Amino acid sequence: MTRDDLAGSVVVVARDLIGCTIRHGDTAGTIVETEAYHESEPASHAYVGRTARSVTLFGRPGTAYVYFSYGMHALLNVVCEREGVGAAVLIRALEPIDGIGVMRERRGLVRDEDLCSGPGKLTQALGIGLELNKTDLFDGPIRLGPPAGPRPEVLVGTRIGITKAPELLWRFAAAGSRHISRPWPPGAREALEAA
DNA sequence: CATGGGATTGACT
DNA sequence: GTCAATCCCATGC
């Protein structure tokens, strides 16, 4: 997963990020769930154009967009598409790889499948806060890495927790993972490619 | 300057 | 299943 890869279509990138890794300090995990957001649809923060918050989304692909949600959670996104286009992939869940002990301390939990099974949970587990907004994912404190093993089969479904453009099939997850944020809804389609 | 919504989570019925 | 916590940010007056 190179910076050039991230410059492509945000929906394709969201699917291709499944299986890649995120590392911060001694903690790391495999991406098992993502969602795509693009300036052309109203659920995206970039839909309203460039504002103090959304300006990050229009920046260089491979930049981290970290924003504050519901007064208590930092959510991590990977900025995608070419510079000037507002688009990003929300990282919704990880399967823990390294630093599980630290994650348990930060989360106050024991079960591995609860440590990073949500966009707010994984930032807490990895110690990712708003101060990391606009940092570079190839040359910064948070590192995006290539898949460690073979690509998993990828499921496709509709995005979670939004009220606008709910029909888009822009949510992706590793098939069979026990570390995703919410059970896959009945009737969701299954992606054919694993590549 | 005041207001209201939100890409969530955890606790509770 | 429902709901409150909590605060940044976008919008409107």
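No hydrogens, no waters, no symmetry mates; every other heavy atom, side chains included, goes into these values. Lettering of chains follows the sequences in order, A, B, ..., and the numbering in each one begins at 1. Given the structure is predicted, the values throughout are model-derived calculations rather than measurements.
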In a table with atom names and distances, give each donor-acceptor pair under 3.5 Å that connects a side chain of residues 109-127 of chain A to protein atoms at least two apart or in another chain.
residue, atom, partner, partner atom, Å
R111(A), NH1, D114(A), OD2, 2.9
R111(A), NH2, E113(A), OE2, 3.2
D112(A), OD1, R104(A), NH2, 2.8
S117(A), OG, E113(A), O, 3.1
S117(A), OG, K121(A), NZ, 3.3
T123(A), OG1, A74(A), O, 2.6
T123(A), OG1, G120(A), O, 3.0
Q124(A), OE1, R107(A), NH1, 2.8
Q124(A), NE2, R106(A), O, 3.1

Chain A contact limits on DNA chain B, taken 5' to 3' with a cut-off of 4.0 angstrom to heavy atoms: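 First-to-last contact on DNA chain B, by the 4.0 Å heavy-atom rule, is dG6(B) to dG10(B).
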
Residues in contact with DNA chain B, drawn from residues 90-124 of chain A - heavy-atom cutoff 4.0 Å: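 Nucleic-acid contacts, sorted: L90(A), R92(A), R107(A), G118(A), P119(A), G120(A), K121(A).
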
Give the residues of residues 43-52 of chain A touching DNA chain B, defined as any heavy atom closer than 4.0 Å, sorted by residue number. A43(A), H45(A)

Pair assignment for DNA chain B - dot-bracket with | for other-strand partners, Watson-Crick or G-U under 3.5 Å: ||||||.|||||.

Cluster membership besides I97(A), Ile/Leu/Val/Met/Phe/Trp/Tyr side chains within less than 4.5 angstrom, sorted by chain and number, is none

Contacts of type side-chain contact (heavy atoms from CB on, under 4.5 Å), residue A93(A), not counting sequence neighbours: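 Checked A93(A) against side-chain contact (heavy atoms from CB on, under 4.5 Å); matches are V32(A), E33(A).
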
Under 4.0 Å from any atom of DNA chain C, heavy atoms only: list the residues of residues 62-86 of chain A that qualify, in numerical order.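 The stretch gives F68(A), Y70(A), G71(A), M72(A) as the residues lying under 4.0 Å from the strand, ordered by number.
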
According to ring-ring contact (aromatic ring centres under 6.0 Å, His included), does anything in residues 66-113 of chain A pair up with another residue at least two apart or in another chain? List the pairs.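 As it turns out, the ring-ring contact (aromatic ring centres under 6.0 Å, His included) pairs with a partner in residues 66-113 of chain A, which skip direct neighbours, are H45(A)-Y67(A), Y65(A)-Y67(A).
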
Would you give me the side-chain donor-acceptor pairs under 3.5 Å for residues 134-141 of chain A, sequence neighbours excluded?
residue, atom, partner, partner atom, Å
T135(A), OG1, L132(A), O, 2.7
D136(A), OD1, R3(A), NH2, 3.2
D136(A), OD1, F138(A), N, 2.7
D136(A), OD1, D139(A), N, 3.0
D136(A), OD2, R3(A), NH1, 3.0
D136(A), OD2, R3(A), NH2, 3.3

Kindly write out the residues that satisfy salt bridge (charged side-chain N to carboxylate O under 4.0 Å, His left out) with R53(A), not counting sequence neighbours, or none if the list is empty. none

Return the set of residues passing salt bridge (charged side-chain N to carboxylate O under 4.0 Å, His left out) with R23(A) (not counting sequence neighbours), or none when no residue passes.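 If we apply the salt bridge (charged side-chain N to carboxylate O under 4.0 Å, His left out) test to R23(A), skipping adjacent residues, the hits are D98(A).
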
